[in-house]
Amino acid sequence: MSIKNASIHGQWSSRWGFMLAAIGSAVGLGNIWRFPYLVGENGGGIFVLVYLACVLLVGIPIMIAEILLGRRGRQNPVNTMQSLANQESLSRHWGLLGWMGVGAGFIIVSYYSVIAGWTLAYIFRVGAGVFVDADVLVAKQVFVTLISDPEKLLAWHTIFIMLAVIVIARGVEKGLENTVKILMPMLFFLLLLMVAYAMSTEKFFEGLHYLFIPNQEHLANKDFFSDILLPALGQAFFSLSIGMGAIMAYGSYLSNKTSIVFSCFTIAIADTVVALLAGIAIFPIVFTYGLEPASGPGLIFMTLPIAFGQMPFGTFFGCLFFILLLFAAWTSAISLLEPAVAWAVENCNISRIKATAWVGILAWLFGLLTVLSLNHWAFSFQFAGVVKENGLFDLFDIVASNFLLPLGGLLIAVFAGWFMRKQSTLAELDIGNGWVYQCWYFAIRYIAPLGLLIIFLNAVGLF
Ligand code: PFF
């Protein structure tokens, strides 16, 4: 059991309170915006299969470890790592792991907020009927016009950061839990509706086939390690919100009675189901309307509005969809900033409201870089065999999700599997020493660290 019983920031009101908040963190733009476009860029069914393996073999064990560390330390990730290292008689430098997470959070939020801004903008575009009977050309035009206008992007980005700041300032239970409880189930329902629409399109089975059946041809000109495995692994970390302390911070508000292992499986399953549903909804539309699966970050913004333009009550459902996507992004953005806010409250002796305001201002400033990188500062480069055209925006995304999060995950695995005493993990997980524990222990000691190491060494060109 944990050394302390509760965090100074409060505690989730129940097991479901935690689970919903963690699902709120995991389910976000990563599932609906990022997953489908990566599938389209990196090999369809093969990418999906590798992604699922990464979630199961690396993602879930690391999520268990991260929550375990959070609950045992009961502080923000920086202090948690320092005090756990202290308890285990290890170097205080483990605190750097927490710092890396805080940094990754700012980098991710800088572009996350801009994409959430697109979502906000689309609520109004769809609501105004811009897409009624629109074809691919119109859909592309609307998207390109939006991202080339820095003032509009800046306005939406500002509004989104303000929304996130308001909820974080209200604190763990009131702010985070209540928002998620109602909105997550609604988003799920709307996704089912989109899938129903996709089933009515001509190329439904082609879409399914693309998503679920690995096709050798999609491997042509691709390097398995760097073009498929690395982005799939990065997506698993990004989508499950692991490797940067967000879920560690949430774990620090978790009651000692809740089962970490059960919670993690539930969170990972919910997260994966939402991503797959998004894929099932999107690819049939992509093929039916002759769009390019590898259209990059604009994919959902250029496909789904066409569907809304065609279906009955499309304006209503379209508005609702983007509103719910906004909420999903909102509950994730909150968790991206929570480690930094918790750190400021614990170490700078300031109120939660003040800490949130400072963190919000910093996140807003970072976001300016992304806003400009989509237009004035745009430059292109190549990564994983794909040309990236949005300069810093793409670079931030790649550095954070493909490198910083997996590196954070590697350190978490090494800490929990090799440096912490076995009794400590046994006591915190509280599931006995049976096969479930043994499987986790094996995964966290061998599979996750070795897998991550091999991928890293390959990514930096060592073999
Ligand atoms: N998991 C979120 C998504 O899929 O949109 C993004 C995210 C949230 C990543 C929190 C990392 C994190 F710590």
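Sequential numbering from 1 along the given sequence is applied to the chain's residues. Order of listing sets the numbers, starting from 1, for every ligand and every atom in it.
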Should you measure from each heavy atom of [X], which atoms of ligand 1 turn up under 4.0 Å away?
X      : value
Leu29  : 5 (O)
Gly30  : 3 (C), 4 (O), 5 (O)
Asn31  : 4 (O)
Ser25  : 1 (N), 2 (C), 8 (C), 10 (C)
Met244 : 12 (C), 13 (F)

Would you call the rings of [X] and [Y] parallel, tilted or perpendicular if under 30° counts as parallel and over 60° as perpendicular?
X      : Y      : value
His157 : Trp364 : parallel
Tyr250 : Tyr253 : tilted
Trp33  : Trp118 : perpendicular
Phe419 : Phe415 : parallel
Phe131 : Tyr122 : parallel

(message) Between Phe308 and Phe317 (judged by ring centroids, cut-off 6.0 Å), do the two rings come close enough to count as a pair?
(response)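 Ring centres of Phe317 and Phe308 not closer than 6.0 Å.
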(request) Take Lys388 and Asp397 through the salt bridge (charged side-chain N to carboxylate O under 4.0 Å, His left out) test and state the conclusion after the steps. (result) CA-CA 11 Å; Lys388 303 279 182 182; Asp397 185 32; over 6 Å; no
Check whether any N or O atom of [X], backbone or side chain, sits under 3.5 Å from an N or O atom of ligand 1, and answer yes or no.
X      : result
Val27  : no
Ile242 : no
Ser239 : yes
Ala246 : no

Identity and distance of the protein heavy atom lying nearest [atom]:
atom                    : value
atom 8 (C) of ligand 1  : Ser241 OG, 3.3 Å
atom 12 (C) of ligand 1 : Leu336 CD2, 3.4 Å
atom 4 (O) of ligand 1  : Ala26 O, 2.9 Å

(message) Around atom CG of Leu192, are there more than 12 heavy atoms from other residues, nucleotides or ligands closer than 6.0 Å?
(response)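 It does: Leu192 CG has more than 12 such atoms within range.
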(request) Please say which of Phe225, Phe383, Phe224 ends up in a side chain to side chain contact (heavy atoms under 4.5 Å, CB included) with Leu230. (result)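 Only one option passes, and that is Phe383.
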(request) Kindly identify the option in Phe238, Tyr112, Trp33 whose heavy atom sits closest to atom 5 (O) of ligand 1. (result)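 Looking at heavy atoms only, the winner is Tyr112.
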